[in-house]
**Q** 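Can you keep this structure in mind? I'll have questions shortly.
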There are 2 protein chains.
Amino acid sequence: MEMTNYSYIGPMDRLVHPNLKDVSLAAALHALADPVRLDIIARLVDCPSLNAGASCAQATPKSTISNHLNVLRAAGLVETKVEGRERINRLRCVDFDARFPGLLASVLANKG
Amino acid sequence: MEMTNYSYIGPMDRLVHPNLKDVSLAAALHALADPVRLDIIARLVDCPSLNAGASCAQATPKSTISNHLNVLRAAGLVETKVEGRERINRLRCVDFDARFPGLLASVLANKG
DNA sequence: TCCATAGTTCGGAAATCTTGAACTATATCC
DNA sequence: GGATATAGTTCAAGATTTCCGAACTATGGA
């Protein structure tokens, strides 16, 4: 019997979503300040619930998508629910807009 | 006579300011996504023209301030003019807002 | 001329980002 | 049940970016 070094931060069916009051403006802007993440957000606007694969251009490596979704989740921009063997992602528009009024709207308006 | 390795990108009295059409949304957000740079911007809102030293908390190293101002300049957020032995920085509010309408206002409104 | 002030450039250490490989977890087919 | 496929995470290491002290350029004033 082999001991493994891999560990999960928590149970895989309960991902951690921050309270928006604990997200700084700099952290929120940092999450938005990346072309891949802006693309993920744009896709989630068009189609409000997507699994990880579908929320990114298909050339993007899985581990990269996973990291970008972690950043978006940590910034309170995305919520993730486990559904069967996939994770469904949604924008936390209401929560995010309550914390940073107008910010996401203004970013989306300027992304063309 | 000693040859030096130090070089300036251009004449020191003519700093490069980008045309805002060449600034991407991701680059603009990246420039905004840093506590030190947000602080610089806030100071320039309060006091519209400041030299490098005055645009940052006084504990910040000079080379660090210089780098942050480069990032802000490259994002079209700050313009710099040489005046005697100092460089006076100003926000390019009008230019930036023409390129990214509402974005800077919404960031400033959310920075408290 | 010499000194002080203002800011840039360089280089190396530190932090962060990217991504393939190995892994966990769940579903589906026999 | 077992084998296989699919979805996504974790790890590790290379690549990239950021930070900042030291050396430098540039200007102003005594």
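Letters A, B, ... are given to chains in the order of the sequence lines, protein chains preceding strands, and every chain is numbered from 1.
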**Q** What is the distance from NZ of A/K81 to C1' of C/dT26, rounded to the nearest Å?
**A** 19 Å
**Q** Between C/dA6 atom P and B/E83 atom CD, what is the distance in whole Å?
**A** 14 Å
**Q** Determine which pairs satisfy side-chain hydrogen bond (donor to acceptor under 3.5 Å, both in side chains) with at least one residue from residues 90-104 of chain A, sequence neighbours left out, and list them in order.
**A** A/R92-A/D95
**Q** For A/N19, check side-chain contact (heavy atoms from CB on, under 4.5 Å) against everything at least two apart and list the hits.
**A** A/K21, A/D22
**Q** Think A/S66 has a side-chain N or O under 4.0 angstrom from the OP1 or OP2 of D/dG8?
**A** no
**Q** Can you list every ring-ring contact (aromatic ring centres under 6.0 Å, His included) pair that touches residues 62-83 of chain B, not counting sequence neighbours?
**A** none
**Q** Quick one: B/N89 CG to C/dT8 P, roughly how many Å, whole number?
**A** 8 Å
**Q** Run the side-chain hydrogen bond (donor to acceptor under 3.5 Å, both in side chains) test against B/N70 and tell me which residues pass, sequence neighbours left out.
**A** B/R73
**Q** Identify all pairs in which a protein N or O lies below 3.5 Å from an N or O of nucleotides 13-20 of chain C, and state each distance.
**A**
unit_1, atom_1, unit_2, atom_2, d
C/dC17, OP1, A/H30, NE2, 3.2
C/dT19, OP2, A/T64, OG1, 3.3
C/dT19, O4, A/N67, ND2, 3.4
C/dG20, N7, A/S63, OG, 3.2
C/dG20, O6, A/S63, OG, 3.0

**Q** Measure CD1/A/I88 against C1'/D/dA7 and give the value in whole Å, please.
**A** 10 Å
**Q** What is the separation between atom CG on B/N70 and atom P on C/dC10, rounded to the nearest whole Å?
**A** 12 Å
**Q** Considering only side-chain heavy atoms of A/R85, which listed nucleotide, C/dA27, D/dG8, C/dG7, is closest?
**A** C/dA27
**Q** With rounding to the nearest 0.5 angstrom, report the CG to CD1 distance, B/L50 to B/I40.
**A** 10.0 Å
**Q** According to side-chain contact (heavy atoms from CB on, under 4.5 Å), who are the partners of A/A57, at least two apart in sequence or on a separate chain?
**A** A/R43, A/T60
**Q** Expressed as a whole number of angstroms, how long is the span from A/N51:CG to C/dA27:C1'?
**A** 14 Å
**Q** Please report the distance, rounded to the nearest Å, between CG in A/L15 and P in C/dT24.
**A** 18 Å
